Engineer: 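Before anything else, here's the structure in question.
In listed order, ligands and their atoms are each counted from 1. It should be emphasised that the depicted structure is a prediction, and the values quoted were computed from it without experimental measurement.
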Amino acid sequence: MEQRKEIAKRRTFGIISHPDAGKTTLTEKLLLFGGAIQSAGAVKNNKIKKTATSDFMEIEKQRGISVATSVLAFNYGDHIVNILDTPGHKDFAEDTYRTLTAVDSVILVIDCVKGVEEQTRKLMQVCRLRNTPVIIFINKMDRDGKDPYDLLDELEEELKISVRPLSWPINMGKKFKGVYLLHNDSLNLFEANKTKLSKEVVKVDDINDSSLDEMIGEQDAEKLREDVELINGVYEPLDREMYKEGLLAPVFFGSAINNFGVKELLDTFVEIAPEPQPRQTDKRPVDPFESKFTGFVFKIHANLDPNHRDRIAFLRVCSGTFERNTFYNHTRLGKKLRFNNPYNFLAQSKSVIDEAFPGDVIGLYDTGNFKIGDTLTEGEELQYKGIPSFSPEIFKEVINKDPMKSKQLEKGIEQLTDEGVAQLYRQEPGNRKYIGAVGELQFEVIKYRLEHEYNASVDLVPMSFHKACWMTGDEAKIDEFCKYRAQEIVLDKDGNRVYLAQTAFTLQMARQNNPDITFHETSEFKVGSDQ
Ligand code: G4P
């Protein structure tokens with residue numbers, strides 16, 4: 001019974017956006033409303049970026065890019081809110097995709113001036129693959145942005161999802177007066193304020209009453225009445241089931257920097273967002289209410305202190321109750337492991353926990369047992385699915401500059417690729433190593449960390465490959481293909497054969513000439529919308 005209650009309390013979600021739309025600011029404000037931090041605005045945004053998230057790698061600090069995915073948990077009323085923060089930089093998109101496997105819903109932040117942007121589209125594609133429920137927050141309403149009706153059309157068209165506004169702006173930019181909350185007929189008047197939480201909302205019993213004219217002026221009141229009538233005429237009331245199936249996105253308007261519209265967002269979020277949901281494994285779906293513990297690792301992070309080689313594995317609890325000092329089955333290794341100091345991320349201060357429930361994310365100290373996607377259970381042999389590797393877009397060969405340090409290099413590359421910083425491919429015979437990543441920045445991170453943490457120095461030499469493709473189909477045909485294309489066949493970390501296609505054209509030809517082989521651009525074929 002207690003477990004059922006604990007599960008119902010939890011809301012585990014990610015905030016996603018194109019860089020600069022306001023994800024960090026919104027995260028900060030949610031923490032503020034959740035009481036996890038005491039003041040906003042007073043703390044400079046940049047400083048928050050460094051302290052509120054776990055971006056502790058030197059390179060991140062230097063660049064001010066939030067590379068790391070972090071977890072921020074807080075209590076809000078009767079709920080426990082777990083925010084899984086994601087890096088905004090596109091070079092770390094894969095990190096973000098993996099994090100999205102561990103959430104039950106997302107909040108998508110849109111800049112009202114820019115509308116839907118490149119990363120927004122890509123991230124939504126990943127959400128659609130998993131039918132992840134989405135709430136949209138249209139930010140920066142204190143700026144002159146696109147017309148709200150146009151924005152809604154753009155969202156529907158570009159993100160291929162139906163929308164339902166739950167709040168409606170009264171003007172924008174300098175003339176922005178606030179939002180009308182359509183779901184409970186009340187008015188939230190705007191006051192630019194970076195440090196204070198927004199004021200009480202005003203209940204509007206009758207939108208036609210002249211008190212509305214007094215509050216926002218006759219002209220705007222008239223326009224608002226028209227808008228509200230139009231919206232309520234065009235859009236059906238919010239269908240929560242459609243939202244939970246990822247088919248319909250409620251939309252809010254606000255200004256994160258001014259703490260405006262954030263409370264309404266959070267209140268609605270905890271009310272309608274799904275509690276921890278069942279998840280698919282290679283054997284069967286696992287329900288969070290099952291009594292036996294299961295969970296999977298979606299992120300591995302280098303330790304804060306580079307002198308300590310241990311790492312932190314972020315594990316999402318999926319079913320049962322995780323308990324400290326209890327032996328669990330690491331299903332990939334067939335090994336029993338127990339954890340003395342598992343910790344949670346409540347209010348940003350790590351504290352050791354005795355138990356954790358579905359929806360929670362816990363940090364486990366790891367001395368090299370975990371890879372991303374690993375599953376822990378109470379004994380059952382199953383493996384969580386849905387943490388695919390995507391084909392990298394840039395490939396480089398690793399050349400050891402210091403033969404005396406090859407052991408360090410091997411270890412460093414092994415560990416960094418276990419963390420999911422990039423993908424490692426080996427070519428047999430000859431043991432040539434290639435690293436594949438989606439952005440240049442990842443190579444810089446690898447080079448930097450190999451030097452600083454492993455004392456190994458490398459050259460990373462660009463290779464002209466276009467895509468890495470995993471293969472399924474007729475085994476004999478695959479063997480034959482690999483023999484014939486030996487120069488372009490490598491092994492991934494799990495020993496799977498991967499075809500490195502040199503160009504889009506060669507890949508197309510390979511597909512055409514080998515109808516019995518399917519070439520996949522993600523390592524997990526049922527999930528990916530590849531090809
Ligand atoms: P990100 O994490 O999505 O990359 O975005 P972030 O929150 O860092 O916000 C990007 C910029 O947008 C920041 O300005 C931030 O202050 C600003 N911003 C966020 N919300 C609003 C809003 O509601 N209205 C307006 N006008 N601006 C907003 P910056 O100049 O890049 O950084 P900073 O100097 O303010 O820290």
Engineer: Does ligand 1 have a heavy atom under 4.0 Å from the side chain of Ser255, from its backbone, from both, or from neither?
Structural biologist: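 Both of them.
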
Engineer: Do the charged groups of Asp144 and Lys174 touch, with an N to O distance under 4.0 Å?
Structural biologist: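 Between Lys174 and Asp144 there is no salt bridge, as every charged N stays at least 4.0 Å from the carboxylate O atoms.
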
Engineer: If we check side-chain contact (heavy atoms from CB on, under 4.5 Å) with Phe253, which of these qualifies: Tyr180, Phe137, Trp168?
Structural biologist: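 That would be Trp168; it is the only one of Tyr180, Phe137, Trp168 passing the side-chain contact (heavy atoms from CB on, under 4.5 Å) with Phe253.
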
Engineer: As a check for students: among Thr25, Asp111, Val109, identify the option with a heavy atom nearest to atom 9 (O) of ligand 1.
Structural biologist: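 Heavy atom nearest to atom 9 (O) of ligand 1 belongs to Thr25.
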
Engineer: Look at the aromatic rings of Phe465 and Phe395 and report parallel, tilted or perpendicular, splitting at 30° and 60°.
Structural biologist: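 Phe465 vs Phe395 ring planes: perpendicular.
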
Engineer: If the cut-off is 4.0 Å to any non-hydrogen atom of Asp20, which atoms of ligand 1 fall inside it?
Structural biologist: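 Those qualifying, in numeric order: 1 (P), 3 (O), 4 (O), 5 (O), 10 (C), 12 (O).
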
Engineer: Could you tell me, atom by atom, which parts of ligand 1 come under 4.0 Å of a heavy atom of Pro19?
Structural biologist: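 Per the distance check, 4 (O).
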
Engineer: Does Glu154 come within less than 4.0 Å of Lys114, counting only side-chain N to carboxylate O?
Structural biologist: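 No, no charged N to carboxylate O under 4.0 Å.
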
Engineer: Just jot down the ligand 1 atoms closer than 4.0 angstrom to any heavy atom of Ser17, in number order.
Structural biologist: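 Those qualifying, in numeric order: 3 (O).
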
Engineer: Once you restrict to heavy atoms under 4.0 Å, what part of Arg143 touches ligand 1? Side chain, backbone, both or neither.
Structural biologist: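 The answer is the side chain of Arg143.
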
Engineer: In plain terms, say whether Arg164 and Glu236 are close enough for a salt bridge, that is, a side-chain N and a carboxylate O under 4.0 Å apart.
Structural biologist: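 Salt bridge flag = no for Glu236 with Arg164.
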
Engineer: Using a 4.0 Å cut-off to any heavy atom of Ala256, which atoms of ligand 1 qualify?
Structural biologist: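 Close to Ala256: 23 (O).
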
Engineer: Closest by any non-hydrogen atom to atom 2 (O) of ligand 1: pick that one out of Thr24, Val262, Val113.
Structural biologist: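 That would be Thr24.
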
Engineer: Any salt bridge between Arg10 and Glu275, counting N to O under 4.0 Å?
Structural biologist: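 No, no charged N to carboxylate O under 4.0 Å.
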
Engineer: From atom 22 (C) of ligand 1, work out which of Ile257, Ile138, Asn258 has a heavy atom at the shortest distance.
Structural biologist: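 The nearest heavy atom belongs to Ile257.
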
Engineer: Does Asp142 have a heavy atom less than 4.0 Å from any atom of ligand 1?
Structural biologist: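 In this structure, Asp142 qualifies as a contact of ligand 1 - some heavy atom is under 4.0 Å.
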
Engineer: May I ask you to decide if the ring planes of Phe260 and Phe176 are parallel, tilted or perpendicular, using 30° and 60° as cut-offs?
Structural biologist: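 The rings of Phe260 and Phe176 stand perpendicular, inter-plane angle above 60°.
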
Engineer: Between the side chains of Tyr434 and Gln423, is a donor N or O closer than 3.5 angstrom to an acceptor N or O?
Structural biologist: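 Side-chain D/A pair, Tyr434 to Gln423: absent.
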
Engineer: Could an N or O of ligand 1 be found under 3.5 Å from any N or O of Asn139, whether backbone or side chain?
Structural biologist: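 Right, the criterion is met.
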
Engineer: With atoms numbered from 1 as shown, which atoms in ligand 1 lie under 4.0 angstrom from a non-hydrogen atom of Lys23?
Structural biologist: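 Contacts of ligand 1 toward Lys23, numbered from 1: 1 (P), 2 (O), 3 (O), 5 (O), 7 (O).
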
Engineer: Before accepting this row, confirm whether a basic side-chain N of the pair Glu118/Lys122 lies closer than 4.0 Å to the acidic partner's carboxylate O.
Structural biologist: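 Between Lys122 and Glu118 there is a salt bridge, with a charged N closer than 4.0 Å to a carboxylate O.
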
Engineer: Below the 3.5 angstrom mark, is there an N/O of Gly254, backbone or side chain, next to an N/O of ligand 1?
Structural biologist: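 No.
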
